[in-house]
Amino acid sequence: MNLKGSKLRIEKIDECRYRIPKTGKMRVDGVIYVDQKMMDEIIATDESLIQVANVAHLPGIQKYSLAMPDIHWGYGFPIGGVAAMDVEQGVISPGGVGYDINCGCRLLITRISKKDIKDRIRELVDALFKAVPCGVGSKGKIKLSKNEEKKVLEQGSRWAVKEGFGTEEDIARTEEGGMLKGADPDLISERALERGKEQLGTLGAGNHFLEIGYVEEIFDEKTARAFNLFKDQVTILIHCGSRGLGHQICDDFIRIMMKSIDELGIELPDRQLVSAYIKSKEGQAYLSATATAANFAWANRQIIMHWVREAFSSTLAANIDEIGLELLYDVCHNIAKIEEHEIDGKKRKVCVHRKGATRAFPPKHPDVPKIYREVGQPVLIPGDMGTESYVLVGTQKAMEDTFGSTCHGAGRIMSRSKAIKFTKGRAIQRELENKGIIVKAKGSKTLKEEAPEAYKDVSHVVDIVHKAGISKKVARIKPLGVVKG
DNA sequence: ATGTGC
């Protein structure tokens, strides 16, 4: 099959993978994790498959330009894209990370059951809404001096815990321990610092949310036990990122790298793939700047979680120890990181771009927290606000085939503007309430942009990665109440 | 995603 309007061919590999064989100046094949139905949906929706082929042109790319089933159109790289570049000869690209650097999720688990809070969801949603500032341009309850902000950017979750937001145990249950090394705040713009100063401890808008839910089904008893999950257990999912600070850093580095774009020595198929060699001054500066934004995001989620714990327990007039509110794990789904992977039988250092893709490391991997090392890394997959979310576990197959990566969510099927037109005149909040989900949102426009129909079916996405073996289903979580920006 | 768009 040929892709409409291009010379790209698409071949079926098996029930859940397709290949775009390399052609022209592509350095590697594209490999897309989809079934026939999802492939048809993607082709009908956007041109993100062309972006998979475009990424394959970048210097130093190893094995394949990968895409997960939640793939959709993004800046330069598709969202749902994974690309690993050789550290010595390869490039790093802001489009391969995305505007919301270290957008991610964390899941809180409790010791209580759905029946314990059945009649109090509205009250709990109101309490969370009050506890966590949200919406576009929302400012936090924390005001940072520039010096203090720089500590946040260097230390991430560690700063938050030192300031009394949460515990050491939370750090152990966060990807990278909530702190990427090599973060140099002096490499980011005054403007980025300015935007970050008032935004720590804010949720933001768009697809970011707080969600009270319960474990509806368990697929893998053994792993669920290791993750401390049980049927009907109440959970709280937090999804947000690095706010205006990360956005500004992305913007700044796209501009910086555009200036030296000729130094790449290749013609890019799309200027949005603007990159710098990892070894170059610009490449190193960007890597360091993404680390500051990643750390900001981890501190942000840590602080938000602390307020969620307080609001939740005080509403239920319960002791936190009684109801749990333990962190299961925190994952990041927009990042570029230097990792070691086996390529053609040899261990090599690569820069793994995960843009709308989640790390899914296997059992025994040293980067998986000790408490989960025997079973593998917990992977959190948020759905859209009307459907369900998933807990998965990382696998050896992901390590071998996808640089230890899997999907990140449902994935858009409609642009934001299309979703607004599509939902014209509808009362999304009431529709969700009829489905038994209580929603409180700062802006009504956000609800329309985030209408369930604007997203793919998250269960379909998850079924594909499960079947492909690049992560395995552990539990499905059903929402009861949602706070939106 | 974003003090939403140059």
Side-chain angles (χ1 to χ4, degrees), chain A residues 46 48 51 70-81 93-105 132-140 143-144 149 188-210 238-255 258 271-272 289-290 292-294 296-298 300-301 304 331-336 353-358 382 384-385 408-421 441-451 454-455 483-485:
Chain A
D46 61 28
S48 53
Q51 294 189 308
D70 44 343
I71 176 181
H72 57 108
W73 195 90
Y75 182 92
F77 287 54
I79 293 160
S93 176
V97 173
Y99 273 86
D100 191 3
I101 301 164
N102 190 3
C103 183
C105 277
V132 183
C134 67
V136 183
S138 51
K139 289 177 182 176
K143 301 269 181 288
L144 295 168
E149 185 184 11
I188 71 171
S189 67
E190 221 27 61
R191 209 168 168 194
L193 285 170
E194 212 45 60
R195 289 180 74 172
K197 251 167 103 177
E198 295 188 307
Q199 290 186 330
L200 193 62
T202 66
L203 189 66
N207 66 358
H208 292 162
F209 61 75
L210 307 174
I238 299 169
H239 180 208
C240 64
S242 53
R243 310 283 292 109
L245 177 126
H247 190 276
Q248 188 63 47
I249 288 172
C250 180
D251 227 32
D252 291 339
F253 275 89
I254 285 171
R255 212 160 306 159
M258 281 287 183
R271 279 180 69 81
Q272 291 188 355
T290 56
T292 69
F296 185 91
W298 273 313
N300 195 29
R301 290 197 287 274
I304 288 173
V331 297
C332 152
H333 51 229
N334 278 11
I335 198 75
H353 296 73
R354 293 192 185 91
K355 181 193 199 178
T358 314
D384 59 85
M385 62 189 168
H408 89 303
R412 277 197 169 273
I413 202 164
M414 274 183 216
S415 66
R416 290 170 206 276
S417 54
K418 197 175 167 195
I420 287 174
K421 272 185 211 156
K442 195 93 178 180
S444 61
K445 199 169 145 196
T446 303
L447 282 185
K448 292 193 166 174
E449 286 177 350
E450 295 297 312
Y455 283 90
V483 171
K484 273 283 194 183

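Everything numeric here is computed off the predicted structure, so don't read it as measured data.
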Does anything in residues 441-450 of chain A reach DNA chain B, meaning a heavy atom under 4.0 Å, and if so which residues?
A:Lys445, A:Glu450

Using a cut-off of less than 4.0 Å, is there contact between a side-chain N or O of A:Arg243 and OP1 or OP2 of B:dT2?
yes

Go through the structure and list residues passing side chain to side chain contact (heavy atoms under 4.5 Å, CB included) with A:His208, not counting sequence neighbours.
A:Asp100, A:Cys103, A:Leu203, A:His239, A:Cys240

Using the ring-ring contact (aromatic ring centres under 6.0 Å, His included) criterion, which residues pair with A:Phe77? Sequence neighbours excluded.
A:His353

Could you list all the salt bridge (Lys or Arg N to Asp or Glu O under 4.0 Å) pairs where at least one residue sits in residues 242-251 of chain A, not counting sequence neighbours?
A:Asp251-A:Arg255

For the side chain of A:His408 and the backbone of A:Gly356, is there at least one donor-acceptor N/O pair under 3.5 Å apart?
yes

Results of ring-ring contact (aromatic ring centres under 6.0 Å, His included) for A:Phe253 - residues two or more places apart only
A:Tyr286

Starting at NE2 of A:His247 and ending at C1' of B:dG5, how long is that distance when rounded to a whole Å?
12 Å

Determine the contact category for A:Arg412: base if any of its heavy atoms lies under 4.0 Å from a base atom, sugar-phosphate if only primed atoms, P, OP1 or OP2 are that close, otherwise nothing.
nothing

Within the structure shown, what part of the strands sits under 4.0 Å from A:Glu198 by heavy-atom distance: base, sugar-phosphate, or nothing?
nothing

Applied to residues 441-450 of chain A, the salt bridge (Lys or Arg N to Asp or Glu O under 4.0 Å) test, sequence neighbours excluded, yields A:Arg412-A:Glu450, A:Arg416-A:Glu450, A:Glu450-A:Lys484

Specify the separation, in whole Å, of atom CD1 of A:Ile254 and atom P of B:dC6.
14 Å

Hey, does A:Gly244 reach any base, or is it just sugar-phosphate, or nothing, if we go heavy atoms under 4.0 Å?
sugar-phosphate

Could you state the OH-P distance from A:Tyr75 to B:dT2, rounded to the nearest angstrom?
18 Å

Using atom NZ of A:Lys484 as one end and atom P of B:dT2 as the other, report the distance to the nearest whole Å.
11 Å

